[in-house]
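Side chains included, hydrogens not; waters and symmetry mates left out as well; all remaining heavy atoms used. Below, chains carry the letters A, B, ... as their sequence lines are ordered, and counting in each starts from 1.
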Protein chains: 2
Amino acid sequence: MPSPTLSDVAQAAGVSYATADRVINNRGNVAAKSIAKVNEAVAALGYVRNVAAANLSRKRVYRLAFLIPKGSNAFFNRIRDQIARVADHQSAERVTAEIIEVSAFAVASLEDSLCELVHQDLDGVAIVGLQSERLEKPLAALREKGVAVIGLVSDLPQGFRSAYIGIDNIVAGRTAARMVGMAHADSAGVVQTFVGSTDAHDHVERLQGFCEVIAKDYPQITVRDPIMTKDDPAVLLAQTRALLSQEPDTSALYNVGAGNSGLVQAIGAIQSNRPFCVVHELVAHSRKALQEGLIDLVIDQRPDVEISRAFTVLRALIDERDLPPLADLMPTIYVQDNLPADPLTDMMRAQAT
Amino acid sequence: MPSPTLSDVAQAAGVSYATADRVINNRGNVAAKSIAKVNEAVAALGYVRNVAAANLSRKRVYRLAFLIPKGSNAFFNRIRDQIARVADHQSAERVTAEIIEVSAFAVASLEDSLCELVHQDLDGVAIVGLQSERLEKPLAALREKGVAVIGLVSDLPQGFRSAYIGIDNIVAGRTAARMVGMAHADSAGVVQTFVGSTDAHDHVERLQGFCEVIAKDYPQITVRDPIMTKDDPAVLLAQTRALLSQEPDTSALYNVGAGNSGLVQAIGAIQSNRPFCVVHELVAHSRKALQEGLIDLVIDQRPDVEISRAFTVLRALIDERDLPPLADLMPTIYVQDNLPADPLTDMMRAQAT
DNA sequence: GCGATTTTGATATACGTCAATCATTTCTTG
DNA sequence: CAAGAAATGATTGACGTATATCAAAATCGC
């Protein structure tokens, strides 16, 4: 029993192919009762549009763009690699993906890039966003042109994007706190936190979630005010070093942001038993530190999964199809034992070049 | 610049469309130098076969089957739901998936089902497998017929399936041990383990991984011999109850298998501070227990991800395409804070019916 | 029941690939 | 160099949908 075609539906509904087509692609100028007849036939036969034929006929191409902060940040390298990889594979389905680099976390730069996008002929864009009203106008213009827009990793102003793909950073912070709490096993302790900057929404949210859980469920643990690091390894190295010698009662470290190589270096230098260490994002550095037992946990947002999902969601939006079943995206906890074999970290990049 | 067609390639190569087609679909009877010319043109133009057109032309349908243990096990309910969900969504791509229920963990039953499969007209099968030589003959017969075969959740004899989709259970056990170790924070302790049966490979492997890590990295922790539970909640309830009263020095519980509702019930009944609890698989029961703070961790194998992947891999095998970039499948650690919003647990099922 | 409007039917072409046919050319081999 | 084999070219009809055109029919307003 081959699946029914639109001709079958038309026949079953007692209308012509043309009318069935008018209903299916709601082109208008169809009598209400014809619509009903066709819909019944669709339901009765279990008709589903053959997307292969449809895509072929309408010469569908998916021109996608990804706006990613520039710079050699290990995390965004991982993101860029994954975009290239997925795009390469999906080229058989007529998908092209362009990576547009934007000055990191600068509203003006992002705004400019968005304005340029409007003049390009695109079908969908995924943007590592910022919460700023200045972005609303160009985003509205994009949407006006029928471009699907989603936020990636960091959200855009709500109402100006069709979806957000990324983790909830409050949840990420809460998760980190839970692990730190468990590792204290009812005994008292002091946690030193590190943040890149208080301008970064994600950092603030993580810290907020972290403090919430510690305060509520682990009252015997004290959270010290965060140290500002600008995500700079040098700062982290110096600060951690100072901390380890001056505050020996520190029982745990939690770095909300980047720059972990400095933290790891400082920890690697001490011989006595070190504090419990939690950091974010699995990249070459943090992976190595985890394997060598210099840190205990990495909370990762699975950028590879996020990218795959961005492609899937953008295509679904462009085709106006409903989404496939997608599991929720949650912060993933890595210990040295459950590391993925293929890191998709920037290690790979080094080998490839 | 629309993407080049096979006609473009033929023209660029200076051969006819027919010859280019013979090369692309290697139909044979073509001179070596023609092959070379066509391949060069393919590379030069960046030709990629339009899969929409190809699928349309060859009337591709993907008839898949999933062999899943029968019974109302919460974990396999989750699996079955996800299969139905994905199949429903992929019906637009002419994918049909049939769920074939097999008596749980019975080699004879699995063997029978496999033998029947040979007479069905299938393109791909995913099997919750067993390691038994008796399966080799029917598996070989399936492969002979050109059916793609993969192992799912539990592997088949190697060499008789094209891929295995599931976690490494030794890794899962190691991960559990790491968490238990961390939760002891250098202090001594005693862990009681529970297994369903020693026949189940996955249970044995998890236990093995668990003991390895405790022995190596947490020598101050003692692992007691496992209690046999047959995955039966009643057994777990009774045994845990007895344990909690008779062995008050127990600092952690690790259930390698199923039947967690019994364990949770026993724990819920005590008022003094309970041992650290780790179980496997996020289902309605374990999820609830985690949220209520009755257990501490759930190690999950993400069956929803596994199912999506099974579809992807089977289709790639059937089309003889290379796989899209897929992240490694690792045991996922859930605490009460990073639970997915939509559980895809059997709760959903109850609501739907 | 007239003209105007809306709705329907019939039909055609294109999309890029697959798969097949048949005639023709080129290459082997003795 | 002729006979046979191998390789190539030219062409065609699906596959199911999108989209367009034009004529015919049904419905509406009055």
Would you say [N] has OP1 or OP2 under 4.0 Å from some side-chain N or O of [X]?
{"X": "B:Asn29", "N": "D:dA7", "result": "yes"}
{"X": "B:Tyr17", "N": "C:dA19", "result": "no"}
{"X": "B:Arg22", "N": "D:dG9", "result": "no"}
{"X": "A:Ser57", "N": "D:dG16", "result": "no"}
{"X": "B:Arg27", "N": "C:dA20", "result": "no"}
{"X": "B:Asn25", "N": "C:dC18", "result": "yes"}
{"X": "A:Thr19", "N": "C:dT8", "result": "no"}
{"X": "A:Ser16", "N": "C:dG9", "result": "yes"}

In whole Å, I'd like the distance from the [atom1] atom of [X] to the [atom2] atom of [N].
{"X": "A:Lys33", "N": "C:dT6", "atom1": "NZ", "atom2": "P", "result": "17 Å"}
{"X": "B:Arg49", "N": "D:dC15", "atom1": "CZ", "atom2": "C1'", "result": "15 Å"}
{"X": "A:Asn26", "N": "D:dT19", "atom1": "CG", "atom2": "P", "result": "12 Å"}
{"X": "A:Asn50", "N": "D:dA18", "atom1": "CG", "atom2": "P", "result": "9 Å"}
{"X": "A:Arg58", "N": "D:dG16", "atom1": "CZ", "atom2": "P", "result": "17 Å"}
{"X": "B:Ile24", "N": "C:dG16", "atom1": "CD1", "atom2": "C1'", "result": "13 Å"}
{"X": "B:Asp8", "N": "C:dT17", "atom1": "CG", "atom2": "P", "result": "9 Å"}
{"X": "A:Gln11", "N": "C:dG9", "atom1": "CD", "atom2": "P", "result": "13 Å"}

Using a heavy-atom cut-off of 4.0 Å across all strands, would you classify [X] as base, sugar-phosphate, or nothing?
{"X": "B:Leu56", "answer": "base"}
{"X": "A:Val51", "answer": "nothing"}
{"X": "B:Ala18", "answer": "base"}

- Inspect the contact between A:Arg321 and B:Glu93 and indicate whether a charged nitrogen and a carboxylate oxygen are less than 4.0 angstrom apart. yes
- Query: So does A:Asp21 pair up with A:Arg27, basic N to acidic O under 4.0 Å?
  - Reply: yes
- Item | Face-on cation placement of A:Arg315 at A:Phe311 ring, 6.0 Å and 45° thresholds | no
- Message: Tell me whether the NZ or CZ atom of B:Arg80 lies within the 45° cone about the ring axis of B:Phe76 and under 6.0 Å from its centre.
- Response: no
- Around atom CD of B:Gln11, are there more than 12 heavy atoms of other residues, nucleotides or ligands at under 6.0 Å? no
- Message: Atom NZ of residue position A:Lys137 - does it have more than 12 heavy atoms of other residues, nucleotides or ligands inside 6.0 Å?
- Response: no
- Task: Establish whether the base of C:dG16 is bridged to the side chain of A:Arg94 by a donor-acceptor pair shorter than 3.5 Å.
- Result: no
- Go through D:dC15, C:dT17, D:dT8 for me and flag the one nearest to the B:Lys59 side chain. D:dC15
